[in-house]
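Below, read A as the first sequence line, B as the second, and so on, with proteins coming before strands; counting in each chain starts at 1. Quick note: numbers below take in every heavy atom, side chains included, and nothing from hydrogens, waters or symmetry partners.
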Amino acid sequence: MRKVVRVNMSTHSVTVEPLPGKYAEMAGRWLTSRLIADEVPPTCHPLGPHNKLVFAPGIVTGTRAPSSGRISVGAKSPLTGGIKESNAGTPVAQSFGRMRIAALVVEGQGKTGESFILRLDASGARLEPSGDLAGLGLEEFRTKVVERYGELGFIATGPAGEHRLAMGGICFSDKEFRPSRYAGRGGLGAVMGSKGLKAILLDDEGAPGVHIADEDLFRTGQRKLVDALREHAVTKPGGTLNSFGTAALINVLNEAGGLPTNNFRFGRFAGARGIAGETIAQTVTRRGGRGEMGHACHPGCIIQCSNVYPREDGSEHVSCLEYESVWALGANCGIGDLDTVAELVRICNDSGLDTIEAGVTLGVAMEAGLARFGDGEAAIALLRQCAEGTPLGRILGNGAEYTGKAFGVVRVPTVKGQSMPAYEPRAVKGIGITYMTSPMGADHTAGYTIAPEILEVGGKADPLVASDKVDMSVNMQTATAFLDATGYCLFIAFAILDIPSGFEGMVEGTGAVLGQKWTADDAVRIGREILATEMAFNEAAGFTRAHDRPPEFMRYEPLPPHNQVYDVTDADLDRTVSILKGQR
Amino acid sequence: MSKVSVLVRLYASLRQYVPTAPDSGLALTLEAGTTLAGLCSKLRIPDEEVKLTFVNGRRQPPEYTLQDGDEVGILPPLAGGDA
């Protein structure tokens with residue numbers, strides 16, 4: 001029987017109860033969004049006592065299913081004011097699955113200044129005062145935790161979250177206990193900080209493991225999925241994700257004229273090559289030492305797209321340099337020096353900041369004249385202030401939209417208050433539909449139309465064409481919502497979009513865990529249900545059609561090199577939202 | 001026969017086919033009428049390793065005929081984006 005662990009921060013009590021029957025099949029984003037919709041008043045203050053923070057591993061997470069170590073985190077977002085789900089790949093997710101914790105719900109609110117850690121193990125769960133762990137940067141936090149408790153998986157919020165800054169993410173340990181895997185988006189770290197919860201430490205020794213209702217069907221499904229992952233050129237061992245990491249995309253988007261540069265002024269960056277995945281891989285090889293490509297974020301991943309980036313002397317600088325992080329803190333700030341970008345990512349990981357929101361905010365700050373585009377040292381000095389909690393750090397730490405308002409900047413690339421990621425919607429029109437309409441705010445992972453529009457994966461579409469992309473975004477958003485419930489990494493999509501038997505195997509194997517014989521129809525049904533739940537929450541929270549629009553400058557400012565504006569019509573955006581709400 | 005000048009950039013695993021190519025790209029003079037497929041074969045890049053070809057920022061098919069001044073990017077199957 002899966003269980004729900006509830007931690008009440010007002011009363012410092014912990015209860016463990018069986019997962020209610022109405023949630024029996026739910027997991028991951030399906031469960032976090034359903035619980036938030038059922039238990040959190042949509043108009044509550046995100047940092048107040050009525051918001052809740054929910055952690056839920058996916059359906060197959062903790063089994064031997066490949067690349068399935070994902071955990072979803074949900075709450076009402078202090079960044080967007082709407083419902084939020086952000087997920088991370090981490091061994092901690094697998095521990096949750098093996099311990100049969102369907103959901104951990106953090107509710108209530110401690111008194112100002114209180115800070116606790118939650119210990120979760122076979123004997124149950126208990127809160128302990130954080131003591132000298134409170135307020136620590138996550139590198140020092142990790143060192144102290146390992147000294148004191150040994151190598152335990154952890155979930156933590158950094159100083160940014162403890163300052164309740166909307167750029168604060170939630171950090172998970174990787175398999176070497178680095179503070180490096182993030183559910184970064186939407187300010188969930190601030191929600192954790194607002195509760196007075198610094199961290200969660202897990203010991204899964206003696207855990208019973210995931211109950212698989214239909215072992216035979218599970219095995220059959222897994223085999224089909226593994227075959228697809230090993231066959232597809234992108235996901236196979238030695239494939240591009242494995243060899244060059246996700247930042248291989250820097251050169252691709254630069255070629256396509258869709259790499260946002262200098263706060264979304266240009267679609268190409270002259271320094272792109274210097275920060276691209278190819279250069280990261282070369283540097284890792286040349287410097288040697290602790291550097292590593294093809295690093296796995298959790299055991300059992302067969303894609304292994306992560307990396308460990310070394311300093312010149314071979315010592316470890318940071319893990320990991322991902323595409324969106326490198327773009328945000330590199331090209332978007334006009335910074336072409338990889339070591340500077342690595343240092344900015346390290347500061348984010350240590351402070352507990354979302355790298356995407358951080359890079360876009362720095363771009364807006366540069367636009368405001370707080371630093372020159374390309375000035376890495378100034379960017380480092382600005383970013384450090386978020387953890388320090390200076391007045392300027394608190395402005396920056398609340399994200400790009402807040403910073404734009406503080407400094408009177410018009411060119412602010414956000415939707416629903418959340419920064420756009422690394423794909424320029426004026427050069428890739430379909431991804432813009434996802435940005436404008438996703439209940440998450442601007443989020444590429446919510447419906448990755450980049451696959452057909454740029455990569456020719458799962459179909460082929462001209463990125464500059466604005467019409468007829470509603471269904472593409474809707475279908476991607478629906479499939480992604482389902483995938484976010486399974487616990488699989490989104491990257492399996494590259495293989496299963498092209499190889500139908502892989503998709504079939506993924507759906508079958510997931511249903512098998514629950515004793516269900518699921519088909520593609522079930523995946524669509526569940527994906528729609530999740531989206532409709534989230535859209536209803538946002539509507540009740542006060543979102544209107546005006547929130548589903550691009551930032552106005554994208555409507556009138558043409559983006560080089562294609563010199564296009566964002567020209568997907570309001571009618572198409574409204575139609576997308578109607579479909580997502582289930583009003584087709 | 002007239003000629004066209006093009007600038008060619010190879011990415012990721014395809015760089016091994018012209019390891020000496022400068023970062024700014026390989027400046028080539030080709031017979032007029034050369035297609036993208038013809039260019040790849042001239043560079044001895046196996047067809048099955050080429051997934052995406054960009055010309056001046058737009059994806060073009062293998063049968064595209066190169067024009068004077070074209071900037072070409074050739075890529076293997078790629079993906080990414082942090083999940």
Contact listing (chain A partner; residues 52-61 of chain B; heavy atom under 4.5 Å): B:Leu52, B:Phe54, B:Asn56, B:Gly57, B:Arg58, B:Arg59
Taking every heavy atom of B:Pro76 against every heavy atom of A:Thr240, the minimum-distance pair comes out as CG-CG2, 4.3 Å
Where on A:Pro421 is there a heavy atom nearer than 4.5 Å to chain B: the side chain, the backbone, both, or neither? neither
Sort A:Leu253 into side chain, backbone, both or neither according to what part of it lies under 4.5 angstrom from a heavy atom of chain B. neither
Chain B contact via A:His562 - which portion, at a heavy-atom distance below 4.5 Å: side chain
Measure the CG-CD1 distance between B:Leu78 and A:Ile454 for me, rounded to the nearest 0.5 Å. 11.5 Å
When the 4.5 angstrom heavy-atom criterion is applied to A:Leu241 and chain B, the contacting part is side chain
How would you list, in number order, the residues of residues 41-51 of chain B that have a heavy atom less than 4.5 Å from chain A? B:Lys51
Below 4.5 Å from any heavy atom of chain B, which atoms of A:Ala256 appear? Answer side chain, backbone, both or neither. both
Just verifying a value: how many Å separate B:Leu10 CG and A:Asn251 CG, rounded to the nearest 0.5 Å? 11.0 Å
Sequence neighbours excluded, every pair satisfying salt bridge (charged side-chain N to carboxylate O under 4.0 Å, His left out) that has a member inside residues 66-81 of chain B: B:Arg9-B:Glu71
Those residues of residues 15-30 of chain B, ordered by number, that approach chain A below 4.5 Å (heavy atom to heavy atom): B:Arg15, B:Asp23
What part of A:Glu453 gets within 4.5 angstrom of chain B, counting heavy atoms only: side chain, backbone, both, or neither? backbone
